[in-house]
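Worksheet: one structure, shown below.
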Amino acid sequence: MSGINSVEQMTQGHLRNVQQLAVFYTGHNNIYAINIAKVKAFIITEEVTINDTPTDTDVIAGIATIRGEPVTLVNLDAWLGHQKLDLKEYKLIIYCEFNHKKVGFLIKDMLDIVEKTTDELRHSEETNSKITYTTYVKVHNKDELCTVFNAEQMLKDLGWVEDGDDVLNKYVESSFNTSKVILAAEDSNVAREVLTKFFKKAKAHYEIYINGAQLLNRIQELDPEDIGLIITDIEMPEADGFQVATFIKTNDEYSHIPIIVNSSMTTDAVKNKMISIGVEDFIGKTDIQALYQAVKQHLLH
């Protein structure tokens, strides 16, 4: 594999406008990838204890004990609509953390860790909700199509996204009384739907953009005093959340505007990087309770 071998290096991709991707084979030898910043570890499957658990879906493969903690195992083949293989066919578990939920993905084998610029990532969610990006990677000196799967859609399909009216009614206690606008950047359809429901319930004045570049353009069109808050995802095309936060916090005209990072990339390394840039808060994506409390605390009036 390539020489990206430290957490610090893996979380500095924003300085070069790149994403680091862990590229792997699914059980059926399809080439997929995941952002390395979402990965806690790569685990050899036969070295962990895996227990079956009652479930109404083939996507859940059981519960693994990893580093002394129970971790839900997801069979990506099943979620992608392919036949699941025997457990012994999956050599590795990609141990990840999404929105503070610990998840392990069964994969056949690792291929590489690569860097891709945002220009090399084709946004594909509009045509297939299970795909975030497609790109090309070198396999045996040949360019092969590689798919970055949509973690937010997977979490929703598993019922792990709390976006119903009951959740909004429980946690959104009152409306936000301000004339200032909340600007948000989010490339995931699932997360944009959650944000839209949240803003409407809280009677907020808001605008949502599908990437960081559109958000940055809009910021520069507005009077900074009319902006009450920025909410940004991290993993986005054209300009990511690191670039959004860096632009705002290093520009005297905008640096007073609070930033809430709303991301499924909730590892300590990613959080610490955003905190070092100067953001005011960092919450797991689709966590309505945390989002409401953070907006209530930081929104300018």
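Note that the coordinates shown come from a computational prediction; the quantities given were computed from them, not determined experimentally.
- With sequence neighbours excluded, the residues that form a side chain to side chain contact (heavy atoms under 4.5 Å, CB included) with Asn29 are Tyr25, Lys108.
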- request: Report the C-alpha separation of Asn51 and Thr49 in whole Å, then their side-chain angles, then the decisive distance to 0.1 Å, and conclude whether the side-chain contact (heavy atoms from CB on, under 4.5 Å) test is met.
  value: CA-CA 7 Å; Asn51 297 314; Thr49 300; 4.0 Å; yes
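- The side chain to side chain contact (heavy atoms under 4.5 Å, CB included) check on Ala151 picks up Lys38, Phe98, Phe149, with sequence neighbours excluded.
- One N or O on the side chain of Asn128 and one on the backbone of Lys130 form a donor-acceptor pair closer than 3.5 Å.
- More than 12 heavy-atom neighbours from other residues, nucleotides or ligands sit within 6.0 angstrom of CD on Glu89.
- Partners of Glu207 according to the salt bridge (Lys or Arg N to Asp or Glu O under 4.0 Å) rule, which considers only residues two or more places apart in sequence or in another chain, are Arg218.
- Inspection of the Gln153 and Asp157 side chains reveals an N or O donor paired with an N or O acceptor under 3.5 Å.
- By the 4.5 Å heavy-atom criterion applied to side chains, Gln243 and Glu238 are not counted as neighbours.
- Taking Ile, Leu, Val, Met, Phe, Trp and Tyr as hydrophobic and joining them when side-chain heavy atoms fall under 4.5 Å apart, one finds Leu300 isolated, its cluster having no other members.
- Looking at Glu235 and Asp240, their side chains never come closer than 4.5 Å, going by heavy atoms from C-beta outward.
- Proximity of Ile219 to Ile248: side-chain heavy atoms (C-beta onward) are separated by under 4.5 Å at one or more points.
- Tyr136 belongs to a hydrophobic cluster with Leu145, counting contacts under 4.5 Å between side-chain heavy atoms of Ile, Leu, Val, Met, Phe, Trp and Tyr, direct or through other members.
- With respect to the salt-bridge test (charged N to carboxylate O, under 4.0 angstrom), the residues Glu69 and Lys40 do not qualify.
- Every residue two or more places apart in sequence or in another chain was checked for a salt bridge (Lys or Arg N to Asp or Glu O under 4.0 Å) with Lys203, and none qualifies.
- Residues Ile283 and Val261 have side chains not in contact (no heavy-atom distance under 4.5 Å, counting atoms from C-beta outward).
- Contacts of Lys138 classified as salt bridge (Lys or Arg N to Asp or Glu O under 4.0 Å), with partners at least two apart in sequence or in another chain: Asp143.
- Connection of Ile277 to Ile275 is not established within any shared hydrophobic cluster, with ILVMFWY side chains joined at heavy-atom distances below 4.5 Å, either directly or through further cluster members.
- At a threshold of 4.5 Å between non-hydrogen side-chain atoms, the residues Asn35 and Val148 do not count as touching.
- Around atom NZ of Lys271, more than 12 heavy atoms belonging to other residues, nucleotides or ligands sit under 6.0 Å away.
- In terms of the side chain to side chain contact (heavy atoms under 4.5 Å, CB included) criterion, residue partners of Phe199 (sequence neighbours excluded) are, by chain and number, Ile182, Ala184, Leu195, Ala204, Tyr206, Ile208, Ile231.
- The salt bridge (Lys or Arg N to Asp or Glu O under 4.0 Å) test applied to Asp52 returns no partner, not counting sequence neighbours.
- Here the side chains of Lys170 and Ile288 are not in contact, with every heavy-atom distance at 4.5 Å or above.
- At least one donor-acceptor pair closer than 3.5 Å links the side chain of His28 to the backbone N or O of Gln83.
- Nearest heavy-atom pair, Lys84 versus Asn75, reported as atom, atom and distance to 0.1 Å: CB-ND2, 3.6 Å.
- Residues that satisfy the side chain to side chain contact (heavy atoms under 4.5 Å, CB included) test with Asn169, not counting sequence neighbours, are Asp165, Lys201.
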Candidate pair Asp187 and His123, rule side-chain contact (heavy atoms from CB on, under 4.5 Å), full reasoning: CA-CA 9 Å; Asp187 70 327; His123 201 261; 3.5 Å; yes
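- Applying the under-4.5 Å side-chain rule to Ile, Leu, Val, Met, Phe, Trp and Tyr, the cluster around Tyr95 extends to Ile43, Val48, Ile50, Ile66, Val71, Leu73, Leu85, Leu87, Tyr90, Ile93, Leu106.
- Ion pair Arg192/Glu186 not flagged as a salt bridge, since none of the NZ, NE, NH1 or NH2 atoms sits closer than 4.0 Å to an Asp/Glu carboxylate oxygen.
- Minimum interatomic distance between Ala185 and Leu215 (heavy atoms only, all atoms of both residues): CB-CD2, 3.7 Å.
- Tested against Ser264 for a side-chain hydrogen bond (donor to acceptor under 3.5 Å, both in side chains), the candidates Glu152, Glu97, Lys285 yield a single pass: Glu152.
- Side-chain contact between Thr232 and Ile259: present, with at least one pair of heavy atoms (C-beta onward) separated by less than 4.5 Å.
- Sorted by first and then second residue, the ring pair (Phe, Tyr, Trp, His ring centres under 6.0 Å) pairs with a member in residues 271-297 read Phe176-Tyr292; sequence neighbours excluded.
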- prompt: For Leu21 and Ile113, what are the C-alpha separation, side-chain angles and deciding distance, and is it a side-chain contact (heavy atoms from CB on, under 4.5 Å)?
  reply: CA-CA 6 Å; Leu21 303 176; Ile113 296 176; over 6 Å; no
query: Passes side chain to side chain donor-acceptor pair (under 3.5 Å), Asp281 versus His298? Steps please.
result: CA-CA 8 Å; Asp281 221 328; His298 299 295; 3.1 Å; yes
query: Which is it for Tyr32 and Leu80 under the side-chain contact (heavy atoms from CB on, under 4.5 Å) test, yes or no, and what are the steps along the way?
result: CA-CA 11 Å; Tyr32 274 75; Leu80 292 167; 3.6 Å; yes
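- Transitive grouping of hydrophobic side chains (ILVMFWY, heavy atoms separated by less than 4.5 Å) keeps Ile63 and Trp79 in distinct clusters.
- Within the 4.5 Å cutoff, the side chain of Gln220 has heavy atoms near those of the Phe247 side chain.
- The pair Glu193-Lys156 meets the salt-bridge criterion, since a charged nitrogen lies less than 4.0 angstrom from a carboxylate oxygen.
- A side-chain contact (heavy atoms from CB on, under 4.5 Å) with Leu229 holds for exactly one of Ile257, Val181, Ile260; it is Ile260.
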